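The block underneath contains the structure these notes are about, expressed in structure tokens.
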Amino acid sequence: MKVSEAVATRRSVRAFTDQPVERAILTRILEKAQRSPSGGNTQPWHGIVLTGEPMQALFDRIAEEFPKGRAAHKPEYDIYPPELDGAYEQRRFGVGEDMYGALDIAREDKGKRLEWFARNFRAFGAPVLMLVHTPKYMGPPQWSDIGMWLQTVALLLREEGLDSCFQEAWAVYSPQIREVVDIPEDHIFFCGMAIGYRDEDAAVNRFDVKRAGLDESVRFEGWGA
């Protein structure tokens, strides 16, 4: 698969088949991803790759917390800036509405929307969940490195016929995750990453995810007409 094909076909997959993922494939992908860019070669990314009973134990623990609603949420960082507005907030809101539209869940149907949101915490049926963390003293440049590593992993997954979903939603349950998974106390928990084989027939994997035009993100200078 060409890099351009991997980029074009990668998306946040929210419905997976139950086909297992071989550890050898993930090892190969993660070894290749170690070549991701990293400022000063710090390589600040750390991952814990769960499947089977350890993953189920995490799901069960979070299932105990989910009915408590936001009272149980204790993220270690702001998943979105409190002041997010304008086009950024419109894009965030828009993709959510497009997703629920593909699922035929009306805005006023809060129950079904909550039920769907709960699937986040079962990794959307994926057989693998990677949890990502980094030392607390790492700053924005190192978090940028982690993002480049995650994108590299995602593209290499596509090369192997696999898919993924970056899940910052897991961050709201950081303390509960730490009860089940051994994350160093001096590290901050960042996100989960669901990994598996895409359910090609699921509507949630087929709706169009709109992207901003290049003119909204990039300005060229010194190039003439």
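On a predicted model such as this, the values are computed, not experimentally measured, just so you know.
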[atom2] on [Y] to [atom1] on [X], rounded to 0.5 Å:
{"X": "Leu26", "Y": "Met130", "atom1": "CG", "atom2": "CE", "answer": "9.0 Å"}
{"X": "Gln151", "Y": "Leu156", "atom1": "CD", "atom2": "CG", "answer": "10.0 Å"}
{"X": "Asp109", "Y": "Leu103", "atom1": "CG", "atom2": "CG", "answer": "11.5 Å"}
{"X": "Phe66", "Y": "Phe117", "atom1": "CZ", "atom2": "CZ", "answer": "6.0 Å"}
{"X": "Arg91", "Y": "Asp98", "atom1": "CZ", "atom2": "CG", "answer": "14.0 Å"}
{"X": "Arg11", "Y": "Ser164", "atom1": "CZ", "atom2": "OG", "answer": "11.5 Å"}

Which heavy-atom pair separates [X] from [Y] by the least distance, and what is that distance?
{"X": "Arg10", "Y": "Arg211", "result": "NH2-NH2, 3.8 Å"}
{"X": "Gln167", "Y": "Ala123", "result": "OE1-CA, 3.8 Å"}
{"X": "Ala102", "Y": "Phe207", "result": "CB-CB, 3.7 Å"}
{"X": "Ala194", "Y": "Leu129", "result": "N-CD1, 4.0 Å"}
{"X": "Asp182", "Y": "Ile48", "result": "O-CD1, 3.7 Å"}
{"X": "Pro75", "Y": "Ser174", "result": "CA-OG, 4.4 Å"}

Exercise. Using 4.0 Å as the upper bound for N to carboxylate O, is an ion pair formed by Glu115 and Lys112?
Worked result: no
For this session: Start with the C-alpha gap between Glu89 and Arg92, add the side-chain angles, then the distance that decides, and say whether salt bridge (Lys or Arg N to Asp or Glu O under 4.0 Å) holds.
Result: CA-CA 5 Å; Glu89 175 60 16; Arg92 177 181 174 231; 3.5 Å; yes
If you group Ile, Leu, Val, Met, Phe, Trp and Tyr by side-chain heavy-atom gaps below 4.5 Å, do [X] and [Y] land in one group?
{"X": "Tyr137", "Y": "Tyr77", "value": "yes"}
{"X": "Phe93", "Y": "Ile79", "value": "no"}
{"X": "Val153", "Y": "Val7", "value": "no"}
{"X": "Val209", "Y": "Leu214", "value": "no"}
{"X": "Leu155", "Y": "Tyr197", "value": "no"}

Just checking [X]: does its [atom1] atom have more than 12 heavy atoms from other residues, nucleotides or ligands closer to it than 6.0 angstrom?
{"X": "Glu53", "atom1": "CD", "result": "no"}
{"X": "Lys110", "atom1": "NZ", "result": "yes"}
{"X": "Asp104", "atom1": "CG", "result": "no"}
{"X": "Glu216", "atom1": "CD", "result": "yes"}

Flag the pair [X] / [Y] as yes when at least one side-chain heavy-atom distance between them is below 4.5 Å, and no otherwise.
{"X": "Met193", "Y": "Phe166", "answer": "yes"}
{"X": "Val49", "Y": "Ile195", "answer": "no"}
{"X": "His46", "Y": "Pro135", "answer": "yes"}
{"X": "Thr152", "Y": "Arg35", "answer": "no"}
{"X": "Phe189", "Y": "Leu131", "answer": "yes"}
{"X": "Phe190", "Y": "Trp143", "answer": "yes"}
{"X": "Glu31", "Y": "Thr27", "answer": "yes"}
{"X": "Arg158", "Y": "Asp163", "answer": "yes"}

State whether the side chain of [X] and the backbone N or O of [Y] hold a donor-acceptor pair below 3.5 Å, judged by distance alone.
{"X": "Gln142", "Y": "Gly139", "answer": "yes"}
{"X": "Lys136", "Y": "Glu185", "answer": "yes"}
{"X": "Asp199", "Y": "Ala15", "answer": "no"}

For this session: Have a look at Glu76 and tell me which of His133, Arg178, His187 forms a side-chain hydrogen bond (donor to acceptor under 3.5 Å, both in side chains) with it.
Result: Arg178
For this session: Dump the intermediate steps for salt bridge (Lys or Arg N to Asp or Glu O under 4.0 Å) on Glu65 and Lys68, then the final yes or no.
Result: CA-CA 6 Å; Glu65 298 294 307; Lys68 300 176 185 177; 3.2 Å; yes
Exercise. For Tyr173, is the NZ or CZ atom of Arg61 found under 6.0 angstrom from the centre of its six-membered ring and inside 45 degrees of the ring axis?
Worked result: no
For this session: Report yes or no: is the cationic atom of Arg113 (NZ for Lys, CZ for Arg) closer than 6.0 Å to the six-membered ring centre of Tyr100, at no more than 45° off its axis?
Result: yes
Exercise. Can Gln34 and Trp45 be said to form a side chain to side chain contact (heavy atoms under 4.5 Å, CB included), step by step?
Worked result: CA-CA 9 Å; Gln34 288 299 102; Trp45 49 79; 2.9 Å; yes
Seminar exercise, completed: Test ring pair (Phe, Tyr, Trp, His ring centres under 6.0 Å), reference Phe121, set Trp170, Phe59, Trp116, output is Trp170
Problem set entry | Stepwise side chain to side chain contact (heavy atoms under 4.5 Å, CB included) test for Glu168 and Cys191 | CA-CA 4 Å; Glu168 291 174 340; Cys191 70; 4.0 Å; yes
For this session: Show your reasoning for whether side chain to side chain contact (heavy atoms under 4.5 Å, CB included) applies to Arg14 and Met99.
Result: CA-CA 10 Å; Arg14 293 183 174 86; Met99 181 188 73; 3.6 Å; yes
For this session: In sequence, state the C-alpha distance, the side-chain angles, and the governing distance for Asp145 and Met138, and then conclude on side chain to side chain contact (heavy atoms under 4.5 Å, CB included).
Result: CA-CA 10 Å; Asp145 290 352; Met138 293 296 180; over 6 Å; no
